[in-house]
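Structure, as structure tokens:
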Amino acid sequence: MAKQTGIIKLKGTIGGISFYKTTDGHLAREKGGVDGNRIANDPAFQRTRENGSEFGRAGKGGKLLRNAIRILLQNAKDKRVTSRLTKDLLAIIKTDAVNERGLRTLTDGDFNLLSGFEFNLNGKLGTTLFAPFVNAFDRVTGEATLDLAPFSPTLRIAAPTGTTHFKVVMGVSELDFENETSTFENDETAILPYTAADAAAIALTASLTANSTLPVVQVLGIEFYQEVNGQMYELKNGAYNALAIVIVDTP
């Protein structure tokens with residue numbers, strides 16, 4: 001592909017060249033490829049169809065997860081979170097040792113590989129929160145918990161310049177990849193001052209279906225604010241908010 005330069009940027013197709021916009025800028029490439037009907041029916045493209053089927057399954061799984069935690073994700077994500085999540089889910093599908101190639105699923109793969117996934121590489125939870133926390137999910141009761149002992153925010157949270165306040169958020173989601181449905185519950189602290197004085201102990205709780213037979217993920221995040229004339233504003237539109245998967249629990 002080639003990168004478009006100059007003042008006028010083109011979109012569309014001219015003389016076999018496709019012009020389009022991406023997060024990397026305005027690009028151009030020669031139109032071409034194998035006929036779609038041949039890919040769908042020619043035995044020579046069996047591997048291609050299998051790869052496409054599993055890639056599509058990973059894409060749908062990623063969409064299901066993103067939609068499930070949308071309340072928190074909309075405040076903490078980078079521009080490539082969709083492609084990064086799809087890539088990791090495809091890797092999980094490939095660990096499925098039960099089904100044949102092309103029919104492998106997220107449910108039968110090692111879903112625990114998603115633990116630690118960062119939704120915003122511009123503000124990773126792993127390089128933002130240094131206060132020790134204890135989190136758990138009880139499948140019998142469906143309760144997810146998160147506890148932090150009192151800590152000094154300025155010492156234990158690496159906040160971006162301009163931060164005056166912060167908030168800790170936690171969410172838990174039950175994911176049914178086969179039926180493409182989910183449930184989600186969340187809890188959060190009040191907006192707390194970003195100071196050297198110890199913040200009070202934090203205890204967050206959210207509950208899902210008791211005795212669930214579905215995969216469950218718990219996410220933990222931090223949102224940053226700046227106080228101006230008594231009003232709280234998301235710092236830099238949430239560009240450095242952190243959100244990551246801290247528990248993956250499978251039945």
Side-chain angles (χ1 to χ4, degrees), residues 46-73 76-121 123-129 132-146 169-186 206-221 242-251:
Q46 178 64 25
R47 297 285 86 83
T48 301
R49 291 193 292 273
E50 292 169 352
N51 292 339
S53 176
E54 293 184 349
F55 182 82
R57 203 166 291 125
K60 288 183 178 180
K63 183 178 180 180
L64 178 67
L65 174 55
R66 295 195 312 276
N67 285 342
I69 64 170
R70 186 177 183 82
I71 293 175
L72 302 181
L73 183 61
K77 61 182 178 180
D78 60 48
K79 293 182 179 179
R80 298 187 183 278
V81 65
T82 298
S83 59
R84 291 193 299 104
L85 183 57
T86 299
K87 179 181 177 180
D88 283 10
L89 291 178
L90 183 58
I92 291 171
I93 286 174
K94 291 181 178 179
T95 65
D96 177 359
V98 178
N99 301 294
E100 297 179 358
R101 177 171 175 162
L103 300 175
R104 292 176 293 188
T105 68
L106 285 166
T107 303
D108 291 317
D110 185 2
F111 200 62
N112 291 296
L113 294 177
L114 200 60
S115 181
F117 182 85
E118 297 276 2
F119 291 94
N120 185 12
L121 294 184
K124 295 181 179 179
L125 183 68
T127 56
T128 298
L129 178 64
F133 60 87
V134 177
N135 61 317
F137 173 69
D138 187 328
R139 185 166 287 275
V140 175
T141 64
E143 184 176 76
T145 57
L146 176 82
V169 298
M170 183 270 284
V172 61
S173 180
E174 182 182 32
L175 304 165
D176 186 342
F177 293 109
E178 183 176 345
N179 296 306
E180 298 182 21
T181 60
S182 66
T183 57
F184 174 77
E185 294 294 336
N186 68 295
S207 296
L208 296 176
T209 307
N211 295 306
S212 171
T213 59
L214 298 171
V216 169
V217 297
Q218 182 190 46
V219 295
L220 169 63
L243 184 69
I245 295 177
V246 291
I247 281 184
V248 173
D249 191 278
T250 53

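- To the nearest 0.5 Å, atom OG1 of residue T145 and atom CG of residue N135 are 7.0 Å apart.
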**Asked** Under the side chain to side chain contact (heavy atoms under 4.5 Å, CB included) criterion, do R66 and T82 qualify, and how do the steps go?
**Response** CA-CA 8 Å; R66 295 195 312 276; T82 298; 3.6 Å; yes

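- Proximity of R84 to D78: side-chain heavy atoms (C-beta onward) are separated by under 4.5 Å at one or more points.
- By the 4.0 Å N-to-carboxylate-O rule, R104 lies close enough to E54 to be salt-bridged with it.
- Using a 4.5 Å cut-off on side-chain heavy atoms (C-beta onward), L243 and K77 make no contact.
- Paired with I245 under the rule side-chain contact (heavy atoms from CB on, under 4.5 Å), one option of L220, I69, L65 passes, and it is L65.
- In this structure, D96 contributes its side chain and V98 its backbone to a donor-acceptor pair below 3.5 Å.
- Looking at V246 and V219, their side chains never come closer than 4.5 Å, going by heavy atoms from C-beta outward.
- Closest heavy-atom contact between L121 and E118: CD2-CB, 4.2 Å.
- Note: I92 CD1 to L89 CG = 5.0 Å, rounded to the nearest 0.5 Å.
- Shown here for E185 and S207, the closest heavy-atom pair between the two residues is CG-O, 3.1 Å.
- With a 4.5 Å cut-off on side-chain heavy atoms, V217 and V172 do not count as touching.
- Contact of the F111 side chain with the T95 side chain is not registered, since no non-hydrogen atoms from C-beta on lie closer than 4.5 Å.
- Under the 4.5 Å side-chain criterion, counting only non-hydrogen atoms from C-beta, K63 is in contact with N67.
- Residues D88 and F117 approach most closely at OD2-CD1, 3.3 Å, considering heavy atoms.
- No side-chain donor-acceptor contact under 3.5 Å links E174 and S182.
- Here CG of L214 is found 9.5 Å from CD of E178. Values are rounded to the nearest 0.5 Å.
- At a threshold of 4.5 Å between non-hydrogen side-chain atoms, the residues R57 and L106 do not count as touching.
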**Prompt:** Going through the distances and angles, do F55 and I93 end up as a side chain to side chain contact (heavy atoms under 4.5 Å, CB included)?
**Reply:** CA-CA 9 Å; F55 182 82; I93 286 174; over 6 Å; no

**Test log, rule side chain to side chain donor-acceptor pair (under 3.5 Å), inputs T105 and D108** = CA-CA 6 Å; T105 68; D108 291 317; 3.3 Å; yes

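- The two residues A76 and F119 come nearest to each other via the heavy atoms O-CB, 3.7 Å.
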**Item:** side chain to side chain contact (heavy atoms under 4.5 Å, CB included) between R139 and N211, worked out
**Value:** CA-CA 5 Å; R139 185 166 287 275; N211 295 306; 5.9 Å; no

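- The distance from the CG atom of L175 to the CZ atom of F184 is 10.5 Å, given to the nearest 0.5 Å.
- Side-chain N or O atoms of S83 include one that pairs as donor or acceptor with a backbone N or O of R80 at under 3.5 Å.
- With rounding to the nearest 0.5 Å, the separation of OG in S212 from CG in D249 is 9.0 Å.
- Side-chain contact check for D176 versus T183: every heavy-atom pair is 4.5 Å or farther apart.
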